[in-house]
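We number each residue from 1, following the sequence as shown.
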Amino acid sequence: MTRTIRRGAPPPRRAAGTGRRRVQKQSFGDRILARLPVSEEGLRKAVTWTLLGGGAAVALFVAHLMGVPQAIGNGIAEAGARAGLRVEQVDITGLKRMDRETVYAIALEDQQSRAMLRVDLARVRERLLAYGWIADAYVARRLPDRLLIHITEREPAAVWQDNGQLTLIDASGRLLAPVDPSAMPNLPLVIGPGADQQEAGYQALLAAAPALRPRIRAASWIGNRRWDLTFDTGETLALPQEGAAQALVKFAQLDGARSLLGKGWIRFDMRDPKKLVVRKPGSEAGQSLADDGTTDEAPATGNVQGKTPTTQGGETLRGEDV
């Protein structure tokens with residue numbers, strides 16, 4: 001007797017793809033885009049504007065090379081402006097003392113159109129550099145609608161007084177701005193015609209005797225050849241035309257040794273490098289000052305023929321009138 005064995009139906013096969021899901025790999029470019037701090041939409045707009053601006057710039061350049069009339073180039077720029085390539089914002093950086101509105105006005109002074117591609121960057125920079133305060137300027141476009149301006153200002157070094165007018169100047173003598181007498185800055189005062197052009201030499205003079213620098217209130221440029229210095233205690237020091245720095249160093253040494261300033265003298269004269277002549281109020285004659293602090297009366301006119309008393313350990317100076 002045979003037995004028939006019935007087998008169950010085979011299990012249904014799984015449809016292809018219904019098992020483990022296959023993870024789709026990102027391309028290298030997609031990973032880079034995912035890391036950028038801008039949205040995909042923003043990036044797409046930036047690329048679009050860049051291509052549009054670059055294409056317009058190339059079109060203007062080709063038109064220029066082919067001698068196409070300027071009107072056509074302007075037309076292209078204006079078409080770009082209608083598409084969004086126009087100056088809507090001016091970003092100004094680097095300002096310390098200048099007014100922002102002044103820079104804005106200078107930059108767009110003769111712009112008949114706000115079309116970005118019609119802005120002459122070199123011309124804008126040239127106008128900015130013509131302004132006293134501005135030492136250097138960087139001008140660039142940021143498409144679609146921004147103009148970037150970075151300013152490097154000049155540093156004020158002194159106040160120049162001439163014919164009663166006060167003007168702020170830099171170390172090269174460049175005129176920067178008028179000064180209100182009621183609001184004088186804490187800067188050296190140089191006085192007289194041509195003193196503004198001597199600012200670099202004057203700064204070198206002050207650097208020779210830094211101990212005296214805080215005590216010098218003003219400097220007068222005399223005869224377009226030499227300096228008279230006025231101290232905060234009221235005395236005047238006449239320096240020679242040649243060797244002014246050496247004379248000022250010598251005076252600083254004498255003042256450090258015996259405190260000449262604030263002792264009742266009104267004038268010191270070092271125009272002759274071999275003599276230091278001093279004068280007191282009401283005196284018609286100068287006196288020579290020896291290294292030991294003693295003085296020798298000098299006549300009102302003419303040179304002294306004799307010598308001052310000899311000192312120990314120091315140079316004796318002869319007197320003359322001042």
Beyond-backbone contact of [X] with [Y], side-chain heavy atoms, under 4.5 angstrom:
X	Y	answer
V278	R267	no
V159	P188	no
V179	M184	yes
D136	L129	yes

Are the side chain of [X] and the backbone of [Y] linked by a donor-acceptor contact shorter than 3.5 Å?
X	Y	value
D180	S182	yes
R271	L276	no
R125	V139	no
D255	L261	yes
R146	D91	no

On a heavy-atom basis, which atom in [X] and which in [Y] lie closest, and how many Å separate them?
X	Y	answer
L187	L168	CD1-CD1, 3.6 Å
M270	P240	O-CD, 3.3 Å
R127	I106	NE-O, 2.9 Å
P156	W133	CD-CZ3, 4.0 Å
E153	M98	OE2-N, 3.0 Å
V249	A208	CG2-O, 3.4 Å

### Residues E199 and Q203: side-chain donor-acceptor under 3.5 angstrom
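The answer is yes; a qualifying pair exists.
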
Hey, what do you get for [atom1] ([X]) to [atom2] ([Y]), rounding to the nearest 0.5 Å?
X	Y	atom1	atom2	answer
T93	I149	OG1	CD1	9.0 Å
T236	F268	OG1	CZ	9.5 Å
W227	L248	CH2	CG	12.5 Å
I92	I151	CD1	CD1	7.5 Å
R142	L147	CZ	CG	11.0 Å
L229	R215	CG	CZ	13.0 Å

### Query
Would the number of heavy atoms belonging to other residues, nucleotides or ligands and lying under 6.0 Å from CD of Q89 be above 12?
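Counting neighbours around CD of Q89, more than 12 heavy atoms of other residues, nucleotides or ligands fall under 6.0 Å, so yes.
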
### Message
A quick test of your reading: do over 12 heavy atoms of other residues, nucleotides or ligands sit less than 6.0 Å from CD of E242?
### Response
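Incorrect, the count does not exceed 12.
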
### Task
Run through L175, L166, I191 and flag the one making a side chain to side chain contact (heavy atoms under 4.5 Å, CB included) with W160.
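When side chain to side chain contact (heavy atoms under 4.5 Å, CB included) is applied between W160 and each of L175, L166, I191, only L175 qualifies.
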
### Message
Quick check on side chain to side chain contact (heavy atoms under 4.5 Å, CB included): which of T230, L206, L237 does I216 satisfy it with?
### Response
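Of the listed options, the one satisfying the test is L206.
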
### Task
Can you label the angle between the F251 ring and the F231 ring as parallel, tilted or perpendicular, going by 30° and 60°?
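Parallel: the ring planes of F251 and F231 meet at under 30°.
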
Are [X] and [Y] close enough for a salt bridge, meaning some N to O gap below 4.0 Å?
X	Y	value
R279	D269	no
D99	R97	no
D272	K274	no

### Task
Could you tell me which residues satisfy side-chain contact (heavy atoms from CB on, under 4.5 Å) with Q246, sequence neighbours excluded, listed by chain and number?
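Q246 satisfies side-chain contact (heavy atoms from CB on, under 4.5 Å) with no residue once adjacent residues are dropped.
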
